[in-house]
Amino acid sequence: MRVAIVTESFPPDINGVAHCTLQTADHLYRRGHHPLVIAPAGPPGGPPPAAAGGPPESQGELDRSHPYPVVRIPSLPLPGYPQVRVALPSRKLAASITSHHSDVVHLASPFVLGARGMTAALRLRIPAVAVYQTDLGSYARTYLGAGENAAWRRIRAVHTAADRTLAPSTAAARDLDEHGVPRIRLWPRGVDTERFHSSRRDPELRRSLAPGGELIVGYIGRLAPEKNVELLAPLSKLPGVQVVVVGDGPSDPALRTAMPTARFLGRRTGNDLARIFASLDVFAHTGPQETFCQTVQEAQASCVPVIAPAAGGPLDLVDHGRTGLLVPPGDATEVTDAVSLLAADAKLRAAMGHAGREAVEGRTWEAIGDQLIDHYTEVLAARTAVAA
């Protein structure tokens, strides 16, 4: 199967869309399929362009760091949030899909580049599967104070044109349905249960972060307004608690001011990130706008109990009282109370951590990737049936 994946973000970007898209493309390649990734180009100094005489997919810049073609479309940084790149209009997208002879177009969190990918798929009469991953309506409200309805009109138009929309959680599926999006199916996210494992717990790292033996409560993710990381500020004043923050983003300076005793470790990836996860005593996620929340799964795979808002993706992932605790969104007092409860009961923390690990052991990227291939196959079969 030849799959063109049009994505709003791809590594070296570090976010949920980029990570899921990488896992998808890698899985397709390992299974013997032929993925093509089309993504916004990074800033100057990013992946090198294709050499002259490259393969036909090299209608844009070709990133040669993967075993499959990755075409980079020229882009600009999003004003106020330069870590996010927005692709510019380009004929290279449709030309790349055409030369790839794609059987299906996969749209990863489509909004700008993905919307153009949907237009190309319609024009080329190629079936499209749209993957909903980002609550852009809420983002518009958070960053602009307006535009939520316009964002949803855009989302609805793109996803309605797709043959199938894949939602990562029941909450996301409900939001899509309430906004008039048809043909919705659930498709969750996988987790690397080998990388994220309690065996990576590092006593030396723990001593460096909490030399007094404090309970280590960590947040791992983007530092941005919609993540509400400031809700952890009261924790940094609790005796016997050390707050650790991993990630970067526009809220970094303000958070450092609000939590002067917290340890800020910056952006971490790979095994280094897994080592930090496993070395936490409690993982606290604070953002209420998650359509899935991959970091919750990574904490669970690491045998770390989770505190998360009772909203969005975490509702599917956290079994309240068994694998972690769900708290009202935006309530710093509830977060503090939940941490205090876990801090006072080491046996409860251990039981929740082990239950979390058991809950995610079957959610490997291989299993989730095979589910995606089944979705492609069903969509292609439906198109064939209609044509017949």
Side-chain angles (χ1 to χ4, degrees), residues 5 7-27 29-30 37 39-43 45-48 63-68 70 72 77 81-85 108-109 133-134 189-202 204-206 208-209 216-224 227 229 243-252 255-256 262-280 283-287 290 292-304 306 360 363-366 368-369:
I5 303 173
T7 178
E8 306 292 341
S9 185
F10 195 67
D13 298 346
I14 299 177
N15 56 59
V17 173
H19 180 67
C20 182
T21 304
L22 175 65
Q23 293 290 342
T24 297
D26 285 352
H27 181 75
Y29 181 80
R30 287 193 299 267
V37 175
D63 177 352
R64 294 189 180 280
S65 61
H66 302 273
Y68 41 81
V70 178
R72 300 283 185 171
Y81 201 160
Q83 293 94 334
V84 176
R85 308 285 302 186
S109 195
Q133 287 183 250
T134 308
R189 300 293 173 265
V191 62
D192 187 340
T193 54
E194 293 184 5
R195 168 168 285 171
F196 295 98
H197 194 278
S198 60
S199 62
R200 295 189 184 273
R201 191 173 178 90
D202 186 338
E204 183 177 343
L205 173 62
R206 287 179 54 80
S208 69
L209 294 174
I216 302 176
V217 179
Y219 168 85
I220 298 173
R222 285 188 298 115
L223 307 184
K227 299 299 185 180
V229 185
V243 175
V244 173
V245 177
V246 179
D248 62 8
S251 295
D252 188 306
L255 290 171
R256 288 178 185 268
R263 296 292 302 276
F264 286 80
L265 305 185
R267 178 186 293 194
R268 301 295 182 94
T269 60
N271 292 337
D272 187 30
L273 178 63
R275 184 172 62 105
I276 295 170
F277 260 115
S279 299
L280 301 177
F283 175 73
H285 186 82
T286 48
E290 303 295 329
F292 186 74
C293 202
Q294 180 67 5
T295 52
V296 164
Q297 282 201 139
E298 291 167 349
Q300 290 174 326
S302 305
C303 283
V304 176
V306 172
V360 301
R363 300 180 197 163
T364 64
W365 278 110
E366 288 74 16
I368 298 301

Quiz item: What do you reckon, is OH of Y29 surrounded by more than 12 foreign heavy atoms closer than 6.0 Å?
Solution: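 No, the 6.0 Å shell around OH holds no more than 12 heavy atoms from other groups.
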Quick check: closest heavy atoms across [X] and [Y], and the distance to 0.1 Å?
| X | Y | value |
| --- | --- | --- |
| T21 | F10 | CG2-CD1, 3.7 Å |
| L209 | R263 | CA-NH1, 3.6 Å |
| V191 | A301 | CG2-CB, 4.2 Å |
| D252 | G247 | OD2-O, 4.2 Å |
| R206 | L280 | NH1-C, 4.2 Å |
| A284 | V217 | CB-CG1, 4.0 Å |

Among residues at least two apart in sequence or on other chains, which ones pass side-chain contact (heavy atoms from CB on, under 4.5 Å) with [X]?
| X | answer |
| --- | --- |
| A18 | S9, P11, D13, N15 |
| S251 | L223, P225, L255 |
| A278 | R200, R201, S302 |

Flag the pair [X] / [Y] as yes when at least one side-chain heavy-atom distance between them is below 4.5 Å, and no otherwise.
| X | Y | answer |
| --- | --- | --- |
| C20 | W365 | yes |
| R72 | P40 | no |
| F277 | V304 | no |
| R275 | D272 | yes |
| H66 | L22 | yes |

Distance (rounded to the nearest 0.5 Å) between [X] [atom1] and [Y] [atom2]:
| X | Y | atom1 | atom2 | result |
| --- | --- | --- | --- | --- |
| D26 | Y68 | CG | OH | 3.5 Å |
| H19 | R189 | NE2 | CZ | 10.5 Å |
| F196 | Q300 | CZ | CD | 12.5 Å |
| T286 | K227 | OG1 | NZ | 8.5 Å |
| T295 | E298 | OG1 | CD | 6.5 Å |
| Q294 | D192 | CD | CG | 9.5 Å |

Practice problem: Apply the side-chain hydrogen bond (donor to acceptor under 3.5 Å, both in side chains) test between D248 and each candidate in R268, R267, R222; give the one that qualifies. | Solution: R267
Self-check item: Test log, rule side-chain contact (heavy atoms from CB on, under 4.5 Å), inputs E290 and H285
Solution: CA-CA 10 Å; E290 303 295 329; H285 186 82; 3.3 Å; yes
